[in-house]
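Okay, so here's the structure we're looking at.
Heavy atoms only: backbone and side chains are in, while hydrogens, waters and symmetry mates are out. Numbered from 1 within each chain, the chains take letters A, B, ... in sequence-line order.
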Amino acid sequence: MSAYFKPLPNPSLTSRPFWEAAKRHELKLQRCAECGKFVYYPRDRCPDCFSDRLEWRPVSGRATVYSYTVVYRAATRLFADAPYILAVVELEEGPRLTTNLVASPEAMRVGMPVTVFFDDVTPECTLVKFKPA
Amino acid sequence: MSLKRAAAITGLAELKPLKEPGELTALKLIATVAAQAIEDAGLEKRDLDGLLVGVPFSDPGMLYPAVAAEALGMRPRMLNIVDLGGASAAGMVWRAAAAIEAGMCRAVLCVMADLNRLGEQRPPLVSLHREFELPYGNFGANCGYALIARRHMFEYGTTPAQMAEVAVAQRKNALRNPLALFNDRPLTIEEVLASRLIVDPLHLYEIVSPCSGGAAVVVAAPEIARRGPHPPVWLLGAGEYCDHSTITYAPSLTSSSVKAAAEAAFKMAGAAPRDIDLVCPYDCYTITVIVTLEDAGFCAKGRGGPFVMEHDLSYEGDLPCNTHGGQLSFGQAGLAGGMSHVTEAARQLSGRADARQVKNARLAYVNGNGGIMSEQVSLVLERER
Ligand SMILES: [Zn+2]
């Protein structure tokens, strides 16, 4: 495996369970025990009802493409290997995520079903990405 | 409490944008444009007792308002940064008026300038963006606006040609603006669509060009405004709203908080979009103008694409839009790009727009937009009656 030079997340006390689950190839999100809503990115309080009773729950990994862009020229040299597909996907459970889609740009459509996969970019870090379902 | 006619823009200045800043510094540009704006207002530096300043990306640092005040030799009774990205300039205008209305000060210098290069210190990213956006290559503004454009195309059938028309119409205005970065030739829709695809579906000519420059306005109390050398441009209404930072987590990619900001501004002004003679919407990208015109109420939601094709957005058209050329043709000198919409509206309403003067312009709508449709500030400005 060649060296990985792109930026990596530096998990916080709040977000560590998310990244630890990803490393085990599981997608887990916080769910608010008061109002039942799923939350992404990890928060300290529910952004809807402000409860601090957020519990980590596995989710399906099924999503649809809410929007996407094929980045031909990135704003940072860290992504000089463009083109890549940056997408916002909407999970079956509700929340939207910023992610990469690994697919042919010609096949991309808003609304298309996609499914999670786990990209072990370094021995320490796994990124959460999506591919056509 | 309302800010309706609580203060007026009495002086304005902007520097001709430069692609290469040479040995200039942001502070030098701030000093230059500040002096011009104060002179334009017919005031002396000692008359200015408020300072609102933007922190330059090229020289970011803490406690910047005092740094700028000291460098300018000002002793303000009210000083602050306004950190709303592209909405900072419009945000400064109502904050200045509020400070004046509250009796804290009487004449506020609102100033920002920047260089088209990074200095020794890089503006830091907040940890959330480093953690959940940067690893996937969601960096800078291009990606976010491309996501908005793609979704707008999906929901409303907006076409690349309709988006391109925004750049084309504003270029026609820039041809009458000697300060604009791009004022040497007109653009066509075909040229815009033939320019390099940077972030699908946005082409090079649909994206602002970074440059070096600066802009400033003086916002003053009514009694000072009425003594100035130019007709005062009154703040009639202001509104501000924010519903996200990263566009991924916004309630919608295509319906923005421009709606809430504009509704508040029009309510305070006692006016409606149909009363407006001139619009100056923030235009970091072509799609930004389409979404802003929709959400501010100039056309129905989703109709922005057909709207820009059906109307003449030039200085001689039925809805003059960004008569300075917009940032797309004028250039974006950091936060000062956002100020260009305020200075242009004030220039038009004080009858000083020369070859691109909109005839009988009485009311202008200005929108400032920060980040990826994040911070929104709408202003309604009025010509002296
Ligand atoms: Zn909740």
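With chain A as the partner, the residue from B:S127, B:P201, B:G137 showing the most heavy-atom pairs under 4.5 Å is B:G137. Chosen from B:T248, B:L253, B:N138, the residue pairing most often with chain A at heavy-atom distances under 4.5 Å is B:T248. When each of A:P42, A:C125, A:P47, A:A82 is checked for heavy-atom pairs under 4.5 Å with chain B, A:P42 comes out on top. Contact tally against chain B (heavy-atom pairs below 4.5 Å) for A:A87, A:P95, A:P9, A:P83: the top residue is A:P9. Of the listed residues (A:A74, A:S15, A:S12), the one with the most heavy-atom contacts under 4.5 Å to chain B is A:S15.
Contact of A:L8 with chain B is made through the backbone alone, with heavy-atom distances under 4.5 Å. Only the side chain of B:L128 has a heavy atom closer than 4.5 Å to any heavy atom of chain A. The part of A:L97 that comes within reach of chain B is its backbone (N, CA, C, O), which places non-hydrogen atoms under 4.5 angstrom from that chain. Of the two parts of B:Y249, only the side chain, counted from C-beta on, holds a non-hydrogen atom closer than 4.5 Å to a non-hydrogen atom of chain A. For B:F154, the part lying near chain A is the side chain, with the backbone staying farther off; criterion is any non-hydrogen pair under 4.5 Å. For chain B, the nearby parts of A:V128 are the backbone and the side chain; heavy atoms of each come within less than 4.5 Å. Contact annotation for A:Y84: only side-chain heavy atoms (C-beta onward) come within less than 4.5 Å of a heavy atom of chain B. Neither the backbone nor the side chain of A:P105 has a heavy atom closer than 4.5 Å to any heavy atom of chain B.
Classification of B:D200 and B:R150 as a salt-bridged pair holds, one side-chain N sitting under 4.0 Å from a carboxylate O. Looking at A:E20 and A:R24, no side-chain N of the basic residue comes within less than 4.0 Å of a carboxylate O on the acidic one, giving no salt bridge.
Annotation: cation-pi geometry not satisfied between B:R303 and B:Y156 (NZ/CZ under 6.0 angstrom from ring centroid, within 45° of ring axis).
Between the side chains of B:H341 and B:N322, at least one donor N or O sits under 3.5 Å from an acceptor N or O. At a cut-off of 3.5 Å, with distance as the only test, no side-chain donor of B:H152 or B:Q162 sits close to an acceptor on the other residue. A donor-acceptor pair shorter than 3.5 Å can be found between the side chains of B:S329 and B:R171. The closest side-chain donor-acceptor pair between B:H129 and B:S245 falls under 3.5 angstrom. Side chains of B:K19 and B:S209: a donor-acceptor N/O pair is present below 3.5 angstrom, by distance only.
With respect to A:F130, the side chain to side chain contact (heavy atoms under 4.5 Å, CB included) criterion is satisfied by exactly one of A:T115, A:V102, A:N100, A:V116: A:V116.
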